[in-house]
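So the structure is just underneath, and the comments pick up after that.
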Amino acid sequence: MLPNSDNVTKGVHRAPNRSLFYAMGYTKEELERPLIGVVNAHSEIVPGHFHLDKIAEAVKAGIRMAGGTPIEVPSIGVCDGIAMGHVGMKYSLASRELIADSVETMTMAHQLDGLVLIPNCDKIVPGMVMAAVRMDVPAVVCSGGPMMAGKVNKEEVSLSKMFEAVGAYKAGLIDECGLTDFEQNCCPGCGSCAGMYTANSMNCLCEAIGIALPGNGTIPAVSNKRMILAKHAGMAIMNLVEKGIGARTIINEKSIQNAIACDMALGCSSNSVLHLLAISHEAGVELDLDIFNKISAKVPNLCHLAPAGPTHMQDLNEAGGIPAVQNELLKAGLIDGSLLTVTGKSVEENIQGATIKDEEAIREVSNPYSETGGIQILWGNIAKDGCVVKRSAVAKEMLKHVGPARVFDSEDEAIEAIYAGKIVDGDVVVIRYEGPKGGPGMREMLNPTSALAGMKLDKTVALITDGRFSGASRGASIGHVSPEAASGGEIGLIQEGDRIEIDIPAAKINVKVSDEELLERRKQHKLPEPKVKTGWLSRYARLVTGANTGAVLK
C-alpha cells in the first residue's frame with residue numbers, strides 16, 4: 001500500500017499524531033497540504049554533499065510555491081575518495097542498501113506523499129532511487145551537481161589525475177612539489193568529482209531514465225542554474241503527487257533501456273551496470289547482463305570525458321548536456337522518445353531543440369569515438385556469469401591481450417607489489433576475494449589502476465578482479481568477475497603464471513588452462529575464512545548476491 005499523509009493528519013483518531021507536528025511548529029494549513037519528504041544527504045565529510053543544505057532549501061521553496069509542505073529528513077553518504085584504499089571502502093557499496101532501507105523507513109513510517117531525493121555521490125544516488133521504485137511513490141531526483149575541474153600546469157584535471165599522480169611520484173616521474181600541486185589544485189570546490197565517474201554517471205542516467213529534470217547530471221554545483229533546477233524539482237514533485245504518478249511509471253523496462261543507451265553513448269562508469277541491475281530489481285524489471293552488450297553493439301560512444309579523455313562535466317554541460325546526447329540518439333532511433341518523465345512531458349518533448357554546441361565534448365552519431373558503446377560485458381572460463389570493463393577508457397593496444405597472471409588475494413597485496421615495481425609490461429594482475437561477499441563490500445580499486453596509469457603501465461598491463469573499479473579508473477580494468485572467488489568462482493583457481501587471454505571486442509576472457517586441470521585444482525581448493533566476522537558487514541556478506549545480479553540483498 002502506498003503511503004498517504006491522511007494516515008497521520010486527518011480525522012479524530014489522528015489528533016495525537018497532529019499534536020506532534022504542532023510540537024515542531026507546523027501549522028494547521030501546512031498539515032492540510034501534501035507532505036513531501038526532502039531526503040537530504042548533506043554532510044561535512046563529502047565534497048559532493050557539502051553544499052546540499054542550500055540545494056534542500058531551494059527544493060523546499062519550490063514545494064511551497066506549488067502548494068506542498070516540505071519535510072526534510074536525512075540520509076547517510078560515504079565519500080568514496082576518502083574511503084578509498086583502506087577498510088572504509090568495504091562500507092561504500094554496502095551503504096547503498098542502508099540508504100534504500102532508510103528512505104523506505106522514513107517514508108512509510110511517516111506516510112510521506114512524495115519525495116524529492118537530494119543525493120550526489122556514488123552509492124547515494126542508486127540507493128535513493130532503489131527505495132523510490134521499491135515503494136512506487138512519486139519521486140524526483142535533484143542532485144547537487146558536478147565539481148568544476150581543477151587546473152595543474154595549465155591543464156584541466158580532476159580526481160583521477162590526483163590518484164595517478166601518486167603512481168607517477170612512486171615511479172619517480174614527478175617530485176614531491178609536483179604531487180603537492182595536484183593535491184592542492186585538482187578539486188577546487190564542492191560538487192561530485194568532475195569526470196564521468198560513478199556519481200556523475202548515475203546523475204546523468206537519472207536524467208536519461210526520466211526520474212530527474214533535464215540538467216540534473218551536468219549543471220555545475222556552483223552555478224545559479226543548479227539552484228533554479230532545485231526549485232523546479234520542488235514544483236515537479238507536486239505535479240506528480242497530484243496526478244498520482246509513482247516512480248515505477250517513470251522507471252520501467254523501456255526507460256531502463258533508454259538509460260543503458262545513454263550509458264553507452266556517454267562512456268559511463270562500469271559501476272553503472274551494478275546500479276542499473278539493482279534499480280531494475282527493485283522496480284520488478286528483469287534485466288540481465290546480455291542486454292548491455294546488445295545495446296552496446298548498436299549505440300556508438302559519443303563522449304570521452306575524464307578519465308577516458310580530456311573533457312569534464314562542465315564541458316559536457318556547455319556542449320548541450322544530456323538532452324543533446326539524447327537528441328543524437330533519438331535521431332538515430334536508438335532511444336524511445338515517447339516515454340513519460342518527471343517533467344510531466346515525454347523524453348522527446350524535453351529535448352526538443354537540443355543541439356551539440358561543442359563536438360569536442362559530444363560527437364554526432366555519424367562521427368563517434370567508436371561504433372560501439374562505452375561498456376562491454378565479457379564471459380569466459382573465469383567469468384561464467386560475466387564481468388565488466390569500461391571499454392571507452394581502454395587503450396586500443398589493450399583491447400586484446402595475453403599475459404601471465406600475477407595473483408593477489410587482496411587489494412592491499414596488489415598495491416604493495418605495484419608500488420614496489422614488481423609488476424612489469426605484459427602482466428595480468430588478478431585481485432580476488434574482494435567481491436560483494438568476499439570483500440565484503442566489493443571495494444572500489446582506484447589505487448591499483450591509478451598507480452599503473454601513473455607509472456605508464458596502463459597500455460601494457462591488465463587488471464582483473466571480482467571487486468570493482470572507480471569510475472575514475474582507466475585502462476584494461478576488468479571488474480565484477482562472477483561468480484566471485486568467495487562463492488567458489490573460477491577466479492579463485494587461477495595460479496601465478498597462468499596465461500590469461502583477454503579479447504574485449506569478442507567479449508571473452510579465459511585462463512588458458514584445461515577444464516580437467518581446473519577441476520583438479522577445485523578438488524584441492526579451500527575457501528579462506530571470512531575477512532569480517534562481526535558487525536553489519538558480516539550480515540551483509542551472508543545476504544548479498546553476486547555482482548551479475550546487482551549485488552542486491554537476498
Side-chain angles (χ1 to χ4, degrees), residues 41 48-49 51-52 55 59 116-126 128-129 139-149 158 190-223 225-230 232-233 236 250-251 255-256 258-269 271-272 275-276 279 301-306 308 311-330 335 341-343 347 350-351 354 356-358 361-362 374-375 471-472:
H49 293 192
H51 64 304
L52 294 188
I55 300 293
V59 166
V116 178
L117 306 167
I118 308 179
N120 211 23
C121 292
D122 293 25
K123 312 309 165 301
I124 302 90
V125 183
M128 288 186 179
V129 175
V140 177
V141 171
C142 180
S143 78
M147 186 186 293
M148 300 295 285
S158 51
C190 64
S192 47
C193 297
M196 188 53 83
Y197 311 143
T198 305
N200 291 325
S201 293
M202 294 311 299
N203 285 325
C204 289
L205 295 184
C206 282
E207 200 177 322
I209 213 168
I211 198 73
L213 301 180
N216 178 74
T218 62
I219 296 173
V222 295
S223 170
K225 291 183 175 61
R226 177 59 57 176
M227 302 303 287
I228 294 169
L229 181 82
H232 284 150
I250 305 295
I251 296 181
S255 69
I256 289 167
N258 271 6
I260 296 173
C262 285
D263 192 335
M264 297 302 167
L266 291 165
C268 289
S269 164
N271 285 313
S272 63
H275 299 321
L276 287 173
I279 290 167
N301 178 222
L302 306 180
C303 303
H304 260 195
L305 292 112
T311 53
H312 293 88
M313 295 304 295
Q314 65 211 52
D315 304 308
L316 178 60
N317 186 63
E318 291 166 7
I322 305 308
V325 175
Q326 288 177 304
N327 202 31
E328 275 299 296
L329 298 179
L330 184 63
I335 61 171
T341 73
V342 292
T343 64
V347 172
N350 285 346
I351 65 178
I356 298 172
K357 299 173 184 176
D358 179 2
I362 307 171
I375 287 176

* List the steps and the verdict of side-chain contact (heavy atoms from CB on, under 4.5 Å) for His49 and Cys121. => CA-CA 8 Å; His49 293 192; Cys121 292; 3.7 Å; yes
* Structure fact -> All heavy atoms of Ile124 vs all of Ala41, minimum pair found to be CG2-CB, 3.9 Å
* Where Leu117 and Ala139 come nearest, the two heavy atoms and their spacing -> CD1-CB, 4.3 Å
* **Closest heavy-atom pair and its distance - Ile362, Ala324** => CD1-CB, 4.0 Å
* Does Ile335 reach the side chain of Gln326, with side-chain heavy atoms less than 4.5 Å apart? -> yes
* Asked: Quick one: does Asn120's side chain have a donor or acceptor within less than 3.5 Å of a partner on Gly191's backbone?
  -> no
* To do: State, with a plain yes or no, whether a side-chain heavy atom of Cys204 is found less than 4.5 Å away from one of Met196.
  => yes
* Compare every heavy atom of Ala259 with every heavy atom of Leu276, then report the nearest pair and how far apart it is. => CD2-CB, 4.4 Å
* Asked: Taking only residues two or more places apart in sequence, or in another chain, which ones meet His51 in a ring-ring contact (aromatic ring centres under 6.0 Å, His included)?
  -> none
* Keeping the roles fixed (side chain from Gln314, backbone from Ala149), state whether a donor-acceptor pair exists under 3.5 Å. => yes
* To do: Find the distance between CG (Leu316) and CG (Leu266) and round it off to the nearest 0.5 Å.
  => 6.5 Å
* Structure fact -> dist Ser143:OG -> Leu229:CG (nearest 0.5 Å) comes out at 7.5 Å
* Asked: Do the non-hydrogen side-chain atoms of Ile250 and Ser255 ever get within less than 4.5 Å of each other?
  -> no
* Atom CE of Met202 and atom OG of Ser192: how far apart are they, to the nearest 0.5 Å? -> 12.5 Å
* Run the numbers on Met128 and Val141 for side-chain contact (heavy atoms from CB on, under 4.5 Å), then give the verdict. => CA-CA 8 Å; Met128 288 186 179; Val141 171; 6.0 Å; no
* Atom pair CD1/SG of Ile375 and Cys268 - distance to nearest 0.5 Å -> 6.5 Å
* Please examine the side chains of Cys190 and Val222, heavy atoms only from C-beta on, and report whether any two atoms are closer than 4.5 Å. => yes
* For Val59 against Val116, the heavy-atom pair lying closest together -> CG1-CG1, 3.6 Å
* Asked: Which one of Val342, Ile251, Val140, Val125 satisfies the side-chain contact (heavy atoms from CB on, under 4.5 Å) criterion with Cys206?
  -> Val125
* Structure fact -> Of all heavy-atom pairs linking Ala236 and Leu213, the shortest is CB-CD2, 4.1 Å
* List in chain and number order the residues that pass salt bridge (charged side-chain N to carboxylate O under 4.0 Å, His left out) with Glu207, two or more places apart in sequence or in another chain; answer none if no residue qualifies. => none
* For side-chain contact (heavy atoms from CB on, under 4.5 Å), just list the numbers for Cys262 and Leu329, CA-CA rounded to whole Å, side-chain angles, deciding distance to a tenth of an Å, and then say yes or no. => CA-CA 8 Å; Cys262 285; Leu329 298 179; 4.0 Å; yes
* Rounded to the nearest 0.5 Å, how far apart are CG of Asn216 and CG of Asn200? -> 10.0 Å
* Structure fact -> Rounded to the nearest 0.5 angstrom, the CG-OH distance for Asn203 and Tyr197 is 14.5 Å
* How would you list, by chain and number, every residue that makes a side-chain hydrogen bond (donor to acceptor under 3.5 Å, both in side chains) with Asp263, sequence neighbours excluded? -> Ser272
* Asked: If only atom types and distance count, is the side chain of Asn317 paired as donor or acceptor with the main-chain N or O of Ala319 below 3.5 Å?
  -> no
* Is there a donor-acceptor contact under 3.5 Å from the side chain of Arg226 to the main chain of Ala221? -> no
* Asked: Are the side chain of Thr198 and the backbone of Ser269 linked by a donor-acceptor contact shorter than 3.5 Å?
  -> no
* To do: Start with the C-alpha gap between Cys193 and Met313, add the side-chain angles, then the distance that decides, and say whether side-chain contact (heavy atoms from CB on, under 4.5 Å) holds.
  => CA-CA 9 Å; Cys193 297; Met313 295 304 295; over 6 Å; no
* To do: Using a 4.5 Å cut-off on heavy atoms from C-beta on, say whether the side chain of Lys123 contacts that of His275.
  => yes
